[in-house]
Amino acid sequence: MQDNWKIRSVYSLLLNRYGFLNWWPAETKDEVVIGTILTQNTSWSNVEKCIKNLKKKNICSLSAISSLDPKELAPIIRSSGFYNQKSKRLVDISHIITERYSTMEKMSEQPVDELELFLKNIKGVGRETMDSILSYALQKPVFVVDKYTMRIFSRTGITGDSTPIDAIKGLVYENLGNDGDMLRNLHAMLVYLGKDHCKTKPLCAECPVKSVCNYFITAGP
DNA sequence: CTCCCGTTGT
DNA sequence: ACAACGGGAG
């Protein structure tokens, strides 16, 4: 057990600023899965339009998408970028999930280890997408590590520059516990912090965690 | 390391 | 016009 005061400190500073966020904008579990694929290397505003298009056509569900031809789906999700890849991946994952579990409800009854093995073998589902599905669609107690997490943890000095994802997750579980709602809230707050302050060119002036951030204290502006 | 891409902000 | 932005596969 490696004790890391800074991570606890960052959590409470973030909670202070953002409060409890009930996050991942989606109406259904299917929609979360669809969103995790569409938002790969893409900002959320681009994804929203796709979701809107899918809803308008009444095909915003895994069962509907599973019977689509990627060729006809591609133009509908165009605004998310990489639409040819994502179109194939989306039809593929919809097929595989509905085939195996029928519904997301059924799927969420399975233990995490089994779900991990299952998800990890799907093309187009990498670490972050898998963890996002586990956490936000299936309500499992999993911490999602994304680009913002890495940047914020490394700048603050919570982790080193290239700490592996598993180590980051371990650090979070050991110091903050593994309550699902808390883990989802932490990830959500880190996303907000990343968008608001911890950008490539950081805006430290109003940053809620600057008091414990190595980047601000030493190298910072 | 390269390819896959549209949207938003400057 | 052009830079910033953001995951995964091969």
* Under the salt bridge (charged side-chain N to carboxylate O under 4.0 Å, His left out) rule, what pairs show up with a residue in residues 89-106 of chain A, not counting sequence neighbours? -> A/R100-A/E114

* Mind running side chain to side chain donor-acceptor pair (under 3.5 Å) on A/Q40 and A/T129 for me, showing each step along the way? => CA-CA 8 Å; A/Q40 289 172 1; A/T129 304; 2.9 Å; yes

* Nucleotide C/dA4, atom C1' - distance to NZ of A/K195 in whole Å -> 12 Å

* Structure fact -> Here the salt bridge (charged side-chain N to carboxylate O under 4.0 Å, His left out) pairs for residues 191-204 of chain A, sequence neighbours left out, are none

* Give one of base, sugar-phosphate or nothing for A/K199, where a contact means two heavy atoms less than 4.0 Å apart. => sugar-phosphate

* Structure fact -> A/L90 atom CG is separated from C/dG7 atom C1', nearest whole Å, by 15 Å

* Asked: Heavy atom of residues 120-132 of chain A under 4.0 Å from DNA chain C: which residues?
  -> A/I122, A/K123, A/G124, A/V125, A/G126, A/R127, A/E128, A/T129

* By side-chain hydrogen bond (donor to acceptor under 3.5 Å, both in side chains), which residues pair with A/D181, not counting sequence neighbours? -> A/R184

* Give me the first and last nucleotide of DNA chain B, going 5' to 3', that has any atom under 4.0 Å from a heavy atom of chain A. => B/dC4 to B/dT8

* Nucleic acid contacts of residues 148-170 of chain A, taken as heavy-atom distances under 4.0 Å to DNA chain C -> A/Y148, A/R151

* Structure fact -> Residues passing the ring-ring contact (aromatic ring centres under 6.0 Å, His included) test with A/Y18, sequence neighbours excluded, are A/Y192

* To do: Hey, could you give me each pair passing salt bridge (charged side-chain N to carboxylate O under 4.0 Å, His left out) that has a residue in residues 71-80 of chain A? Not counting sequence neighbours.
  => none

* Asked: For the pair made of CZ in A/F82 and P in C/dG10, what is the distance, rounded to whole Å?
  -> 15 Å

* To do: Report the distance from atom NZ of A/K147 to atom C1' of C/dG7, rounded to the nearest whole Å.
  => 7 Å

* To do: Can you tell me which residue pairs pass the salt bridge (charged side-chain N to carboxylate O under 4.0 Å, His left out) test with a partner in residues 144-168 of chain A, sequence neighbours excluded?
  => A/R127-A/D166

* To do: Using the test side-chain hydrogen bond (donor to acceptor under 3.5 Å, both in side chains), find all partners of A/S66 that sit at least two apart in sequence or belong to another chain.
  => none

* Structure fact -> Hits for salt bridge (charged side-chain N to carboxylate O under 4.0 Å, His left out) against A/K55, two or more places apart or cross-chain, chain-then-number order -> A/E27, A/E31

* Return the set of residues passing side-chain contact (heavy atoms from CB on, under 4.5 Å) with A/K123 (not counting sequence neighbours), or none when no residue passes. => none

* Looking across every strand, which nucleic acid part, if any, lies under 4.0 Å from A/S45 by heavy atom: base, sugar-phosphate, or nothing? -> sugar-phosphate

